[in-house]
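Every chain is numbered from 1 and lettered A, B, ... according to where its sequence line falls, protein lines coming before strand lines. Worth knowing before you read on, the calculation uses all heavy atoms, side chains too, and leaves out hydrogens, waters and symmetry mates.
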Amino acid sequence: MKKELEKAYNPGENEDKIYQKWEKSGYFNPDNLNLPADAKSYTIVLPPPNITAKLHIGHSCMLAIEDLLIRYHRMAGYRTLWLPGTDHAAIATQMAVEKKIFTETGKTRHDLGREKLLEEIWNFLYSTQAAILHQTRKMGSSLDWSREAFTLDKERQRAVNRMFIDMYREGVIYRGERIVNWCPHCHSTLADDEVEYKEQHGKLYTFKYSPEFPMAISTTRPETKLGDTAVAVNPKDKRYQKYIGQEYQVNFCGQPLNIKIIADRKVESDFGTGALGVTPAHSMVDWQMAEANNLSIVKVINEDGLIHQGFGKYSGLTAEAARQLIIEELKKQGLMEKEEDLVNNLSICYRCDTPIEPLPSKQWFVSVDKKLARLGGQSLKEKALEAAQTREITFIPERFNKRYQNWMENLHDWCISRQIWFGHEIPVWYRGEEIYCGETAPTGDGWIKDDNTLDTWFSSGMWTFSTLGWPDNYQNGVKTGDLKKFHPTQVLETGYDILTLWVSRMIMMSFFALDEVPFSQVYLHGTILDEKGKKMSKSKGNGVDPLDAITEYGADALRLSLLMGSTPGNDTRYSTEKIEAKRNFINKLWNIARFILNSTEEKYFSTPADQVPAAQTLFDQWILGEMNNLIKSVTVRLENFEFSLAAEELDEFTWNKLADWYLEVAKVEKNKEEILIYLLKNLLILWHPFIPFVTEAIWESFNDSLLMITAWPQATDNLEDRKMEVDLVKNIIIAIRNARSEHKIEPAKKLTAVIYGHKLTKVLNDQAEIIKNLRTGIESLEIKESGEDVEKAIIVPVGEITIYLIGLIDEVKEKERLLKEQANLEKLIDRQIQKLNNSDFVSRAPEKIVTAEKEKLNNYQQELAKITNIITSL
RNA sequence: GGGCUCGUAGCUCAGUUGGUUAGAGCGCUACGUUGACAUCGUAGAGGUCACAGAUUCAAGUUCUGUCGGGCCCACCA
């Protein structure tokens, strides 16, 4: 069984083999774990990466955190499912492919036609999907591939159709007219977050519609004023209050307008003239005002960006041309009062940079405010808010709860239809004014299918249950199969940047479909910035392919570098130095294992990991106690999502306690095989969720079983704590080594040490061999309870103990050093006395702290006395 | 305009309910190393915890304000 470990750990040689071994074992699938029937389940659905591009380092962070949670819970005995998938990312994908085709062939989607374009998209999709899955495996992700899903595969299409139909029948989904962001070039609506802003220098024109109109208005777009149906003023504005409610018939540049004066608090009195021309058809805010005031809506600009019919000489002109014409006209009539330069943000299409035209258009919406019988008369918004308020869903970090609620409260109906070709088709047919909504086309002639598709978040919002067999696994309000076993899921882990876009939608969709939360905890990780602290983006080209890092340092090193030194919700910088440091650590762990295994006979390999072996010596007791504390602490930290702190404690134990001390002790004291194997096994178990490859590689070199499904250890309560004694011995050893190096004593030169201590003489006697042999270079060692000073010795005080190193001494240097020490102590004593003289402190601080402070003073004083004594004797 | 967040060593960042002389990694300096490990070891230098005030016996930690980074949302007539 025993496999010789290489001198240095080589991730490249091990990782792929180990991943295959895991995958073959079948244990990524919870159905194959041998669990009692009542085992609790633990589920995370992987936030499906967009198939627009390969994974970047941010995805690695996500995978590292989720795999950590999953592996920990799997080892802790949960029915653990991590469900993989990818997202079709409708608009983003279509745009990416269109762009690719355009740069390669110069063709647009209209040249290709719907079918050909979709074919191209699917080809593209298969290639990136394959790349993404490869990258995901390379990270060591223990995903259940047998349940892999895609937001646009057959099952999800059925689920989406069903959801749409259910929502339509309940009146949650409705068709309505609303202002949308329209790109006249792409001929499509854009979601609010697909609109970009560009600062531009424009002109703000101030003018009256006609000579008899009582006030002037200001606008940057005079041509849209052809569609004005009102002028809004602030209700508190004294100048205009008297006009509110009045109506005017005006002749605006040859076109008749009917203008009502309305009041709205959103109007700022000190912008322009304080009077705002309301154009309901071409401005979001104006639309809202029109709804509130029952204004009529006049469309001025059409889908091509041209002026509609019915506006006389302006009809058919581009908006830009119409604007110039109107400006000229206004000037001719002497109505133009002012032209000012103005810097404002122009909305442009994120794809083609064309200025956005806000247009009214028939779209499909999800109502967030409709009260639903199936939700006990509450609306989706109320349900989704309540879940956060009652902490049925908690956020990590907590502050995102507030942000979520804030956003939720201001949520408007969600426009779900998109004028693109790639995506879920809307299951609706039209015949004249008739609308049919169903899974298949209605019978009869003349029905035309809605040619829009659904917002990508509609399908990804269903991700927690569409992947678990909904709707088949949900009949008459009863969950069956996977849905019953795994929903609601436990944790949603994702980037805080899609808290609003995605998380909130998942919560609403789950309430609608199942009347339950989709998950109970939301862990939000930060963004990985580049080495300069800038956001990574495709256009800047500063992204990092995880595969490069994995090839150079190994997946474990990359994972650990992303897990350590970071906190939830905060951004971190990508750092190759950090990965390198973790690579070094992993090699250290490897060598610790190599040392232990090489110095242990094979018969000890079966030492159980879940049974504390008997301790022979002080150091045995100490390290076993430390391991016990480590198990306790790491478990708690993982439960609390404190990954970084858990890893730091593991690191501290591995390197500073085990490698630096216990292994050194083990070279002096013998018969430690059982303890060493016990420590190694537990260490590998505890590290496994963080760095699965190297731990499994070590494990398989001396075990037949799989580390991946080895039980998580339990801490015990009855281990003695020997930290004090061990610290004393360590301090003595360190002090002697330091004295040696300060006095420049050759390593070969042997010293005799005499140690005086009053209380701990027995402990020190027992540890004499260790003190002698742990690179202190001491030839003989005497330990006495008390006694006379030893002349011509190097004097090393360590707490209550004084060590005399008899051998070489440089009196001048020694005196110098001691004087420095003396001054330092005096300063500390002063401060301590001051503190203890403060009557408030003594009377009001907890007693534990006061006594600790007193003891501290005592120690300082004793040490000072000793040093002073020594100085005078020199 | 509304909200959030960050400011701790040269750099990158930890620091849970306030409580010993504030930590780590990298970097730096010096020394060392053929037997687990140079992907290493030992030691050292380096901090007014952005600034000001408040609460407290006690503040990196709580509160208020200021300055300086970053982010989100809304608006931009």
Using atom [atom1] of [X] as one end and atom [atom2] of [N] as the other, report the distance to the nearest whole Å.
X: A:Asp556; N: B:U39; atom1: CG; atom2: P; result: 19 Å
X: A:Asn656; N: B:G25; atom1: CG; atom2: C1'; result: 12 Å
X: A:Arg403; N: B:A74; atom1: CZ; atom2: P; result: 12 Å
X: A:Lys7; N: B:C40; atom1: NZ; atom2: C1'; result: 10 Å
X: A:Phe595; N: B:G41; atom1: CZ; atom2: P; result: 15 Å
X: A:Tyr553; N: B:U39; atom1: OH; atom2: C1'; result: 11 Å
X: A:Asn591; N: B:A36; atom1: CG; atom2: C1'; result: 5 Å
X: A:Leu499; N: B:U5; atom1: CG; atom2: P; result: 14 Å

Any strand is fair game: report the nucleotide pairing with [N] by Watson-Crick or G-U wobble, both distances under 3.5 Å, or none.
N: B:U66; result: B:A50
N: B:G27; result: none
N: B:C40; result: B:G32
N: B:C57; result: B:G19
N: B:C71; result: B:G3

Determine the contact category for [X]: base if any of its heavy atoms lies under 4.0 Å from a base atom, sugar-phosphate if only primed atoms, P, OP1 or OP2 are that close, otherwise nothing.
X: A:Glu855; answer: nothing
X: A:Leu204; answer: sugar-phosphate
X: A:Ala593; answer: nothing
X: A:Lys848; answer: nothing
X: A:Asp660; answer: sugar-phosphate

Heavy-atom side-chain contact between A:Ile217 and A:Phe207 under 4.5 Å: yes

Any side-chain heavy-atom pair of A:Leu597 and A:Ile677 under 4.5 Å: yes

Full working for side chain to side chain contact (heavy atoms under 4.5 Å, CB included) between A:Lys657 and A:Glu652: CA-CA 7 Å; A:Lys657 290 174 185 161; A:Glu652 161 87 11; 4.1 Å; yes

[atom1] gap between [N] and [M], integer Å:
N: B:G53; M: B:U17; atom1: C1'; answer: 25 Å
N: B:G3; M: B:G19; atom1: C1'; answer: 34 Å
N: B:U5; M: B:A43; atom1: C1'; answer: 39 Å
N: B:C28; M: B:C49; atom1: C1'; answer: 22 Å
N: B:C51; M: B:A59; atom1: P; answer: 15 Å
N: B:G10; M: B:U29; atom1: P; answer: 16 Å
N: B:A54; M: B:G44; atom1: P; answer: 39 Å

Salt bridge (charged side-chain N to carboxylate O under 4.0 Å, His left out) between A:Arg221 and A:Glu357, intermediate numbers included: CA-CA 11 Å; A:Arg221 299 196 60 189; A:Glu357 283 296 347; 2.8 Å; yes

Short side-chain donor-acceptor distance under 3.5 Å, A:Arg594 and A:Asn591: yes

A:Tyr523: which of A:Phe395, A:Phe643, A:Phe400 passes ring-ring contact (aromatic ring centres under 6.0 Å, His included): A:Phe643

Counterpart residues, side-chain hydrogen bond (donor to acceptor under 3.5 Å, both in side chains), relative to A:Ser633 (two or more places apart): A:Glu649

5' priority, RNA chain B, between A:Val842 and A:Arg737 [closest heavy atom]: A:Arg737

Residues touching RNA chain B, which here means a heavy atom under 4.0 Å, drawn from residues 579-588 of chain A: A:Ala581, A:Arg583, A:Asn584, A:Asn587, A:Lys588

State which residues pass side chain to side chain contact (heavy atoms under 4.5 Å, CB included) with [X]; sequence neighbours excluded, sorted by chain then number.
X: A:Asp830; result: none
X: A:Lys588; result: A:Ile592, A:Trp655, A:Ala659
X: A:Val636; result: A:Asn640

Selection from B:C71, B:C57, B:C40 that lies nearest to any side-chain heavy atom of A:Trp655: B:C40

Short N-O contact, A:Lys532 and A:Asp530, less than 4.0 angstrom: no

A:Lys535 side chain near B:C72 phosphate (N/O to OP1/OP2, under 4.0 Å): yes

Heavy-atom protein contacts under 4.0 Å, nucleotides 10-23 of chain B, coded B base, S sugar-phosphate only, - none: --SSSSB--BBB--

